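For reference, the structure is listed below as structure tokens.
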Amino acid sequence: MAYYSGVVTIRLYDTSARQIRDFSPLNDGCVSIYLCGATVQAAPHIGHIRSGLNFDIMRRWFAYRGYDVTFVRNVTDIDDKIIKKSAEQGRPWWSIGYENERAFNNGYDALGCLPPTYEPRATGHITEMVEMMRGLIERGHAYEAEGNVYFDVRSFPGYLELSNQDLDDLRQPSGEGETGKRDPRDFAMWKSAKEGEPSWETPWGHGRPGWHLECSAMAHKYLGTEFDIHGGGIDLIFPHHENEIAQAKGFGDAFARYWVHNGWVTMSGEKMSKSLGNSVLVSEMVKQWRPIVLRYYLGTPHYRSMIEYSPEALREAESAFARIEGFVQRVVEKAGGVVDAAAEVPPAFADAMDDDMGVPQALAIVHTTVRQGNSALAADDKEAAIARLAEVRAMLGVLGLDPLDPHWAGGEGDRGEDLHGVVDTLVRLVLDQREAARVRKDWGTADAIRDSLNQSGLVIEDSPSGPRWTLGPR
């Protein structure tokens, strides 16, 4: 399905430029992406997974356009929050981190995100962090104080250009035990060891890495001194991404050419957050909603927009996706088998995706094509209906939403093919009773059976080949 043409221009909103820019890769035909991944002090809520999902769609689109994509998504498995959780729960920090890392990966998998090319853990890259700190100290950008290592923000003229702040007005967030700073705005790259906390040996004593240093060192290792796109949520612009830039460029790297940030999932106008107690865990959501519907809900708004969470919004997403899925199922029945995806997506869909990953506009093309396909079905134009389904499958494939993809096999996501088969057998028995009532013209019984099935959440549709059932909106 992928293709590449020299005339194709993808445009992205670059936070550092504060405008949409034409994408020009560092290496022709290749794209390198670094995404700030999970900090694994707790299980993920849907706000966490949204970032991974948005960049999964971006990655898929670049691959469709023919680029060879290297996608790095890190795991922060040591930081203040994880250590605090360890103390509160009386469990090893590494046990908490690994448990939640698995929960994140389960969430990514459930929602159909492709695995990253590399997924490095911070604790596996202490050597690279020590090397970067040594280089920064030698270049006059960092200093050691009381076992801590700090970055001297006044030594780097470009500091705060990403977040567009004034250094004189800056209030740098600091953690406990950050003593010996020359300037309160300097930030910690390495924190001296405290009793009972994990630590590693360095030339400046035992300690552990600061959050910001981890990503600069891992991006350097896996993507080199310069790469194409650095991504993450808008809450990471400052201080995390600002400090990453200072470290990497102070070390001598050109670092990221484009900075791309996704919006939040909010509840009652506030960012979804563990600390606010308003999070909706992915592990619980996939029990209430089909994972493919969750992907539709989280992935179809524009990546830079905010999503206000509500059950009503999810029900709307479920209904919208049901219209697409229903069309797919009807054409497959009409065709007598699975219809392959078209080799290319419609030009209007491609134009929308090229324009800063315009998924809402691209999705409008999907729904328009579905309506055209339904009209073809109504006119008994089998050839046209099949052609529209091929286009729909091509578009849904880019978005990771093709219900015929093996990942979503059975159409019920985590509910499983086995469960779907059991339900199908039971529903068929009831539908046979309804059909028998219709044959003997017992319309009251037939209608009562249908109403009962509808009340249980099933939608019954009569077709020339017999009655068909689907799960209805909640």
Side-chain angles (χ1 to χ4, degrees), residues 12 14-17 25-27 30-37 39 55 70-76 78-79 116-144 148-165 167 170 172-173 185-191 202 208-261:
L12 295 172
D14 181 3
T15 304
S16 61
L26 178 65
N27 297 303
C30 299
V31 179
S32 47
I33 303 172
Y34 185 94
L35 174 63
C36 284
T39 299
F55 283 89
T70 301
F71 181 54
V72 180
R73 186 183 67 210
N74 77 292
V75 175
T76 296
I78 184 68
D79 82 333
T117 313
Y118 307 110
E119 192 168 27
R121 295 190 185 103
T123 55
H125 298 81
I126 301 299
T127 300
E128 289 82 1
M129 297 179 206
V130 170
E131 179 185 349
M132 183 165 280
M133 285 188 288
R134 183 183 287 114
L136 287 167
I137 290 173
E138 291 172 354
R139 291 169 174 82
H141 290 299
Y143 59 93
E144 183 273 337
N148 301 299
V149 179
Y150 297 109
F151 188 94
D152 179 357
V153 298
R154 287 192 175 275
S155 73
F156 183 66
Y159 192 60
L160 300 181
E161 287 182 356
L162 180 68
S163 55
N164 197 29
Q165 298 185 78
L167 185 60
L170 180 66
Q172 182 78 256
R185 291 165 293 195
D186 295 344
F187 62 85
M189 295 190 295
W190 191 261
K191 301 186 178 186
T202 74
R208 59 183 175 83
W211 176 32
H212 316 301
L213 179 63
E214 300 172 354
C215 285
S216 296
M218 288 187 284
H220 176 91
K221 179 177 178 65
Y222 291 95
L223 296 177
T225 60
E226 186 175 13
F227 58 95
D228 290 307
I229 298 169
H230 196 311
I234 58 171
D235 52 316
L236 300 182
I237 296 174
F238 181 83
H240 186 49
H241 288 165
E242 197 72 75
N243 292 351
E244 278 189 63
I245 292 171
Q247 292 165 155
K249 291 193 173 183
F251 186 66
D253 290 356
F255 212 48
R257 294 159 59 89
Y258 298 82
W259 286 86
V260 179
H261 293 92

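Numbers here are sequence positions counted from 1. Keep in mind the model is a prediction, meaning the values are calculated, not measured. Hydrogens, waters and symmetry mates are skipped; everything else that's a heavy atom, side chains included, is used.
Atom CG of residue Leu236 and atom CD of residue Glu242 lie 12.5 Å apart, to the nearest 0.5 angstrom. Here the CE-CE distance, from Met129 to Met133, works out to 8.0 Å after rounding to the nearest 0.5 Å. In this structure, CD on Glu128 lies 4.5 Å from NZ on Lys221, to the nearest 0.5 angstrom. Rounded to the nearest 0.5 angstrom, Thr39 OG1 and Ile78 CD1 are separated by 11.0 Å. In this structure, OG in Ser163 is found 13.0 Å from CD1 in Ile234, a value given to the nearest 0.5 Å. A distance of 15.0 Å separates CZ in Arg73 from OH in Tyr118, rounded to the nearest 0.5 Å.
The shortest non-hydrogen separation linking Val149 to Ala142 is CG1-CB, 4.4 Å. When all heavy atoms are compared, the tightest approach of Thr225 to His220 is CG2-CE1, 4.0 Å. Listed here is the closest heavy atom pair of Gly231 and Phe55: CA-CZ, 3.5 Å. Shortest non-hydrogen contact noted between Trp259 and Asp14 is N-OD1, 3.0 Å. Contact record, Ala188 with Lys191: CB-CE, 4.1 Å, taken as the closest heavy-atom pair. Between Leu35 and Gly232, the shortest heavy-atom contact is CD1-N, 3.6 Å.
Between the side chains of Glu244 and His230, at least one donor N or O sits under 3.5 Å from an acceptor N or O.
Phe255 and Phe227 have perpendicular rings, their planes meeting at more than 60° on a 0 to 90° scale where under 30° would count as parallel.
For Phe238, there are no ring pair (Phe, Tyr, Trp, His ring centres under 6.0 Å) partners two or more places apart in sequence or in a different chain. Trp211 pairs by the ring pair (Phe, Tyr, Trp, His ring centres under 6.0 Å) definition with His240, not counting sequence neighbours. Residues passing the side chain to side chain donor-acceptor pair (under 3.5 Å) test with Ser32, sequence neighbours excluded: Asp228.
Counting only heavy atoms from C-beta outward, the side chains of Phe187 and Pro239 never approach each other to under 4.5 Å. Residues Leu213 and Met132 are in side-chain contact: their nearest non-hydrogen atoms beyond the backbone lie under 4.5 Å apart. At a threshold of 4.5 Å between non-hydrogen side-chain atoms, the residues Ser216 and Phe251 do not count as touching. Using a 4.5 Å heavy-atom threshold, the side chains of Glu119 and Asn74 count as separate. Looking at heavy atoms from C-beta onward, Ile229 lies in side-chain contact with Leu12 at the 4.5 angstrom threshold. Inter-residue side-chain proximity for Arg208 and Ile126 is flagged as unmet; no heavy-atom pair is nearer than 4.5 Å. For the pair Val31 and Ile33, the minimum side-chain heavy-atom distance is below 4.5 Å. Met189 places none of its side-chain heavy atoms less than 4.5 Å from the side chain of His212.
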*Going through the checks in order, is the side-chain contact (heavy atoms from CB on, under 4.5 Å) test met by Met218 and Val72?*
CA-CA 9 Å; Met218 288 187 284; Val72 180; over 6 Å; no
_Working note: Asp152 + Tyr143, criterion side-chain contact (heavy atoms from CB on, under 4.5 Å); need CA distance, chi angles, decisive distance, verdict._
CA-CA 7 Å; Asp152 179 357; Tyr143 59 93; 4.1 Å; yes
*Evaluate side-chain contact (heavy atoms from CB on, under 4.5 Å) for Arg185 paired with Leu167, printing each intermediate quantity in order.*
CA-CA 8 Å; Arg185 291 165 293 195; Leu167 185 60; 4.1 Å; yes
_For a side-chain contact (heavy atoms from CB on, under 4.5 Å) check, start with the C-alpha distance between Thr15 and Leu162, then their side-chain angles and the critical distance, and finish with the verdict._
CA-CA 7 Å; Thr15 304; Leu162 180 68; 4.1 Å; yes
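Listed for the Thr117 side chain is no donor-acceptor partner under 3.5 Å among the backbone atoms of Thr70.
Ring centroid separation for the pair His141 and Tyr150 does not come in under the 6.0 Å cut-off. The six-membered or imidazole ring of His261 lies near that of His241, with a centre-to-centre distance under 6.0 Å.
Seen from the ring of Tyr159, Arg154 does not count as a face-on cation partner, given the 6.0 Å and 45° thresholds.
No more than 12 heavy atoms of other residues, nucleotides or ligands shown are found within 6.0 angstrom of CZ on Arg121.
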